[in-house]
Amino acid sequence: MASEAMAIHKAEADRVAKDQVLAGLRARIEGIEKAGKLGGQGHQAGRNASPLALTPDLDAILPDGGLTRGALHEVVGPPGAQGAAAGFAAALMGLAANNQDGQDGQGVVLWCRRHYDGQENGELYGPGLAAFGLGPERLLEVRAGRDHDVLWALEEGLQSTALCAVLGEVSDLSFTASRRLQLAAEARGVPALVLRHDSQSHAVSAAQTRWRVESEKTRWRVEPARNGTAGYDIRWKLNLLRCRGATADSQLEDWQVEWRDGHLHDCRGRQDSRIRTGNRTAPRDFAVVAKAGQRPGYPTEPGLAV
Amino acid sequence: MAVVMASHGGIRLAAVNPAAATAGLESGLTLAAARAVVPGLETVESDPHRDAETLSRVADWCGRYTPWTAPEPLDTAANGAGVWLDITGCAHLFGGEENLLADLLRNIKRQGFHVRAALADTPGAAWALARFGQTAKPHEPEIVDPGSHRLALRKLPVAALRITAAVNEGLDRLGLRRIGDLYDLPRAPLVARFGEALTQRLDQALGRLAEPVSPRSPVTPYRVRLAFPEAIGHLDDVAAGLHRLLDRLRQRLVHDRLGLRRAELTLYRVDGGVARAVVGTSRPVRDVAHLERLFADRLDSLDLGFGVEVMTIAAPVVEVMAAAQANLSHDLAKDEQTMQLGPLIDRLEMRLGRGSVVRLESRASYIPERAGLAVSALDNRADLRHGEDVAPALDHQTTDGRIMPTAPGGARPLRLFPLPQVIEAMAEVPDGPPVMFRWRRLLHKVVYAEGPERIAPEWWRDVAPPGEDRSHLTRDYYRIEDTDGRRFWLYREGLYDLPTMPDAIPSSPRAPRWFLHGVFA
């Protein structure tokens, strides 16, 4: 009798142990599946899993309802100094730095480029970047020797828990490199941006989105510029060249956005009486540029902007 | 075998090996004479530079016994090249002075050197005994008990005092052959006859005069050492040893409330070579895991040779490091995030080189290239988050009393050329904005221009000689948009017509020129 009860007890214990093992294995498989999934949409366990809100219209197209944080995004622009593309990338970085999920605080971002880019396309300029929410305490610039080192620095940055976004300026990005970045970004739940030349806009990559950015004609404010503030808002024309997970019928081209007051805004159908399209005659209504002979005079104090 | 050296009067022997010495050869003999005695004499050309190199290497290798090693200058090494070791406080690590010397001799002989060693209270006595000492068994180290070096030196020839040949000869002529003979002599006649050098050397040997020996590499108090019973040749084993060493170093640093800014790993190889790896950090560090990661990149490039016997880690640069106090009012997760920034910067700098990670600080200046400054992230002592305090942004007051920052949205470019790009520009009126301009062979038509923002040179910085007019350095900046919507920042350097100032030179010395300085977003 006693031995029978013991046998039952033992069978019970075996069953429990087996269940535990099975549950453990299931959890492991789940983990492997999740890790291997490409461009996993909104499945990250990271702190920053919620997407980055851009503008209402753009968020409506993007599959996650915003820019996925744990993913690789490419920004391409016309060759040259890439003011517009760099500006849009800086805007995305600024948003990522200032809107950390679940935290009111701000994080640090990494901007990697080759050191000779400074001579060729201009150095990053702190006062200009500060307008995009990337003040000196937010931004670390890495000056690497070549593309390979830039990519390495990006991956290293993605492994650190200190950063909330990374950006790399490269001339060439292989599929393997893009896939590595995508996986690293996914694992940490932090956006990785790559700024590339226009000529690469058809290259294969594992990135989740690819944006083509061009300058859009500025709408100049009618009221005169004062005290060094710009008399216009920065505007870009965006083409979403690829977007993983977007529905086929969604319009991906020809978006116009504006960077104003630390946020992106849609410009579609926006009729603002304050704004009109810039041309050479419009600004003449007010004296931004003094006429010849009416020069603002010799600076009253040296070093002073007149 | 003999080493020969060309000197005045023909080729002479510079050194001989024991076999040649027993055959009756000695250094200083001409090669012809030597060949007459030993017809089959093998010779090697002497190479003082490589001798010095080898000696330095030996001195480095001896660092496994004490951090305080120094090679003796070769020009004084008439009686064989030497290395000084100060083993004060090190002997107990090897089980006593005898054992240390025995171990040293065994290891260095295995490398193929003929060595003699002596241990004494003063460098001078050790030098003399190593070269002229008479032990019962040859090639046994000579160890002089503390305080008895006077006795030990008594029987040695005066040449053991590191004196010149001329002085030696002079003493010989006087019949003073042993050091003991000099002990009781009146000093004044000795100084008068042979100069200060002889008495100085005697005093140094006897310890009456201090003789400092400067070590080959600076000695740091923060140094830990690990010896393996058998040579290890695997990188994994080195990494494991590194972990143990770093842990021991950390304990000492914690005790003294210090963090290291630099760490040097030295591997002493079986073959007598030394491999080194140095890492630097952005802020005081004593975290073992972080240091291990920094070293991990360097380990691969280390040459382990046939194995490593001893490894040491030294921290030559240390700084006070307060214990981290968790701040209750702060978000703990955020604090941890900030803490991770230092290690990241270290890793990036390690691989990409010094100065490759920078922060873009702002400075109080109206000159654009001075307002933004890239400073190395390593120089940053303050926390990155308090960057605002480090560099106050330049504000100016508007007419209605509001404070405006200098660079609000769009007023300053995103990218600034370190050297403003010279462009060809055409303007409607001489001092108006340009209508079109050519930059990098591309013609840009200007649709809109905003400006000018006039920035005059800062007179308080580059002081001009009196009377010189610097108005030609005044810049008029324009924000420009071209037909494609690209936005640039141009400026014209110099003015066309100067306002009449009493003592101004009528026209500026240079014609105004146009530059492209930046690109807007």
Side-chain angles (χ1 to χ4, degrees), chain A residues 81 83-84 86-87 90 103 105 107-108 118-119 121-131 136-137 139-145 149 152-153 156-157 160-162 215-218 220 225 227-232 234 278-280 283 288-289 292 295-299 302-306, chain B residues 331 334 337-338 340-341 344 347-348 351-352 356-362 366 371-372 374 377 384-385 387-388 391 398 404 406-418 429 431-433 447-456 458-459 479 481 484-487 499 518-521:
Chain A
Q103 291 180 41
V108 179
Q119 294 291 333
N121 297 331
E123 298 281 7
L124 295 181
Y125 189 51
L129 283 162
E137 71 285 357
L139 181 72
L140 279 180
E141 185 191 343
V142 173
R143 293 173 179 174
D149 291 331
W152 175 84
E156 198 66 26
S160 165
T161 51
S215 305
E216 179 60 31
K217 285 208 179 60
T218 309
W220 298 86
N227 303 317
T229 42
Y232 62 90
I234 299 157
N279 56 46
R280 199 160 172 77
V288 172
V289 180
R295 302 287 299 141
Y298 209 66
L304 189 75
V306 177
Chain B
D331 191 350
K334 208 197 289 176
Q337 212 177 19
T338 321
Q340 288 300 315
L341 210 53
L344 174 70
R347 282 203 299 284
L348 292 172
R351 160 98 177 238
L352 304 174
S356 58
V357 184
V358 294
R359 285 186 314 121
L360 305 171
E361 273 194 358
S362 45
Y366 286 103
L384 198 69
R385 278 166 193 281
E388 298 102 319
T398 60
M404 293 286 291
T406 314
R412 285 285 177 267
L414 193 64
R415 298 188 187 221
L416 193 81
F417 288 96
V429 287
D431 54 358
V447 174
Y448 182 71
E450 191 187 34
E453 179 182 346
R454 176 165 294 180
I455 298 176
E458 296 173 325
W459 55 266
R479 288 186 279 275
E481 187 177 303
D484 293 337
R486 283 175 289 195
R487 294 173 274 266
V519 180
F520 286 99

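So that the names make sense, note that chain A is the first sequence line, chain B the second, and so on, each numbered from 1. Worth saying up front: this structure is predicted, and the values here are computed from it rather than measured.
Counting heavy-atom pairs closer than 4.5 Å to chain A, the top residue among Val358(B), Leu344(B), Leu352(B) is Val358(B). For chain A, the option among Gly372(B), Gly518(B), Pro418(B) with the highest count of heavy-atom pairs below 4.5 Å is Pro418(B).
Between Glu123(A) and Glu141(A), some side-chain heavy-atom pair lies under the 4.5 Å cut-off. Proximity of Leu414(B) to Leu124(A): side-chain heavy atoms (C-beta onward) are nowhere separated by under 4.5 Å. Looking at heavy atoms from C-beta onward, Ile234(A) lies in side-chain contact with Arg487(B) at the 4.5 angstrom threshold.
Between Arg412(B) atom CZ and Arg479(B) atom CZ the span is 7.5 Å, to the nearest 0.5 Å.
For Leu348(B), the parts lying under 4.5 angstrom from a heavy atom of chain A are both the backbone and the side chain.
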